[in-house]
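Following: one structure in structure tokens, then a few remarks.
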Amino acid sequence: MKKIIYFALAISLFGCKDAIKTEVNNDFLIAENIKFDEPTINTNLTITTKADLLGYWVGQFTDDMPQNENEEEYIDEDFFGIDYEYNKKITFSIDKIKGTEIIGHSIVSGNIQKFKGKVTETPFTFEINVKEPGNEKSDGEFVLTIKKKDTLLSGKWNAFKVKENKINKRKLELSKKIFEYNPNNKIEDRFVDFHKSAIKKVEYDSEDSVGNPIKQSYDDEQYFTTTDTIFKINPSTEILKKELVENLSKGDVFILRNLIFARHGFAFRDKTLRGFFDYHSWYMPVFSDVTKDLTKIEKENVALLLRYEENAKEYYDHFGR
């Protein structure tokens, strides 16, 4: 029901960076700062030494509980076939390894949390056991394994605090990736928010029982969505004109603006944005604040798009522009 590079040797250690844990209103943040070290990135993709483990590992963070244990978790979110909790994308960042000690941070659902623990080398595998601090309700323990000369890091996550009707166990399958900003990463599908809708009364011509012309109507529920226009515009490489933006739907404006942030590795906490970009193969949640990384073109476009987003009507087919 619920299925939904690269060179040998390490690159230098980056400095300490602010990570933001926050309730996010799209890309504008009220921040509580935590600190973490960006990873020492080893660009080897085939793992033969502990040093090869350093860097970003990205993949699916999937419910690993029997369905009847957490069925209520999905009732609200999955009503329209949208499943925000069952399957998420996670970035598991291994920042430092010293002897058997391993330090890093995870990025999932817009949350960035530190972890530390042990890495054990056997003749054929590396075994990773790390724990988050436990000060957040979503904290837990990762137990992961990778075979030597392999490329897939896999295993389990278990929550410290088991809650009824919540996902307390997840499985992970992660591949090592190097984050690269690419202004040409494309939107792969249309966006629909099934939790935002408006009713439009549609009138049509008909006849009564004796053939006299009459007007009849029906209620048409329309959702907050994009149009095919989003596939033709690149807000990272072209300066958008007022005349173009003022004729976009609010859905188009919303997604084009957030596409800029997604290309820079912004970790969305908003469920609909996270769910939309998680299923793009190129998308990699890495950072909590990318505003300083935006290009001049992108900054200008974000300002223009936001101005029209705040004033546009939400439901394009209903209200039109």
Side-chain angles (χ1 to χ4, degrees), residues 16-39 55-65 69-70 72-77 83-97 101-119 128-144 153-174 179 261-262 265-275 277-278 283-290:
C16 197
K17 182 173 183 175
D18 285 349
I20 299 173
K21 294 194 66 179
T22 179
E23 291 298 326
V24 176
N25 177 10
N26 300 329
D27 304 307
F28 296 90
L29 313 174
I30 303 171
E32 172 194 342
N33 289 337
I34 63 172
K35 300 284 186 179
F36 70 93
D37 289 328
E38 290 192 20
Y56 297 122
W57 294 81
V58 182
Q60 299 305 315
F61 194 48
T62 306
D63 178 10
D64 195 34
M65 295 173 64
E69 288 188 23
N70 58 6
E72 291 184 23
E73 177 79 12
Y74 305 123
I75 290 175
D76 179 56
E77 303 297 354
D83 189 351
Y84 297 117
E85 296 300 324
Y86 171 77
N87 196 31
K88 304 178 180 183
K89 185 173 282 189
I90 185 172
T91 298
F92 186 83
S93 177
I94 300 176
D95 303 337
K96 293 180 181 179
I97 298 175
E101 183 182 41
I102 187 169
I103 298 172
H105 64 280
S106 62
I107 305 107
V108 62
S109 298
N111 289 314
I112 295 182
Q113 186 59 295
K114 296 182 287 187
F115 60 71
K116 64 180 178 179
K118 300 293 183 182
V119 55
I128 295 173
N129 189 313
V130 297
K131 296 180 179 181
E132 295 167 316
N135 56 344
E136 298 287 341
K137 63 181 180 180
S138 58
D139 283 0
E141 178 181 21
F142 293 90
V143 180
L144 307 172
L153 181 64
S154 60
K156 307 283 186 180
W157 171 88
N158 294 309
F160 292 140
K161 299 175 183 178
V162 176
K163 295 184 178 292
E164 188 177 358
N165 298 325
K166 296 294 182 181
I167 299 175
N168 301 306
K169 299 178 182 179
R170 291 184 181 271
K171 58 185 177 182
L172 301 83
E173 289 193 349
L174 311 176
F179 175 75
F261 290 87
F266 182 77
F268 295 101
R269 198 164 180 180
D270 178 274
K271 286 184 177 180
T272 56
L273 284 169
R274 190 187 75 222
F277 284 110
D278 271 1
Y283 174 62
M284 186 173 164
V286 180
F287 308 113
S288 309
D289 187 1
V290 298

Quiz item: At what distance, to the nearest 0.5 angstrom, does CG of L174 lie from CD1 of I94?
Solution: 9.0 Å
Quiz prompt | Heavy-atom closest contact (L172 atom, K156 atom, distance) | solution = CD1-C, 3.7 Å
Quiz prompt | Stepwise side-chain contact (heavy atoms from CB on, under 4.5 Å) test for K89 and Q60 | solution = CA-CA 5 Å; K89 185 173 282 189; Q60 299 305 315; 4.2 Å; yes
Quiz item: What is the distance from atom OG1 of T91 to atom CZ of F61, rounded to the nearest 0.5 Å?
Solution: 11.5 Å
Quiz prompt | Interatomic distance, D64 atom CG to R170 atom CZ [nearest 0.5 angstrom] | solution = 10.0 Å
Exercise. Any chance you could lay out the side-chain contact (heavy atoms from CB on, under 4.5 Å) test for N135 and Q113, step after step, and finish with the verdict?
Key: CA-CA 10 Å; N135 56 344; Q113 186 59 295; 3.4 Å; yes
Practice problem: Calculate, to the nearest 0.5 Å, the distance between atoms CG and CG belonging to N158 and D139 respectively. | Solution: 13.0 Å
Quiz prompt | Interatomic spacing from CD in E132 to NZ in K114 - rounded to 0.5 Å | solution = 12.0 Å
Quiz item: I112 and S288: which non-hydrogen atoms are nearest, and at how many Å?
Solution: CD1-OG, 2.7 Å
Self-check item: Heavy-atom pair of closest approach, residues R269 and S109
Solution: CG-O, 3.1 Å
Quiz item: What do the steps show when you test W157 against S106 for side-chain contact (heavy atoms from CB on, under 4.5 Å), and what is the final call?
Solution: CA-CA 12 Å; W157 171 88; S106 62; over 6 Å; no
Quiz prompt | Passing candidate, ring-ring contact (aromatic ring centres under 6.0 Å, His included) with F92, options F115, W57, Y56 | solution = F115
Exercise. Drop me the distance from I102's CD1 to L144's CG, to the nearest 0.5 angstrom.
Key: 8.5 Å
Self-check item: D63 versus I167, closest heavy-atom pair with distance
Solution: OD1-CG2, 3.7 Å
Quiz item: Which of these passes ring-ring contact (aromatic ring centres under 6.0 Å, His included) with F287: F266, F268, F179?
Solution: F179
Quiz prompt | For K131 against E141, the heavy-atom pair lying closest together | solution = CE-OE2, 3.5 Å
Self-check item: Considering all heavy atoms, the nearest Y283-A262 contact
Solution: CD1-O, 3.7 Å
Practice problem: Quick one: do K137 and K166 satisfy side-chain contact (heavy atoms from CB on, under 4.5 Å)? Show the steps, please. | Solution: CA-CA 11 Å; K137 63 181 180 180; K166 296 294 182 181; over 6 Å; no
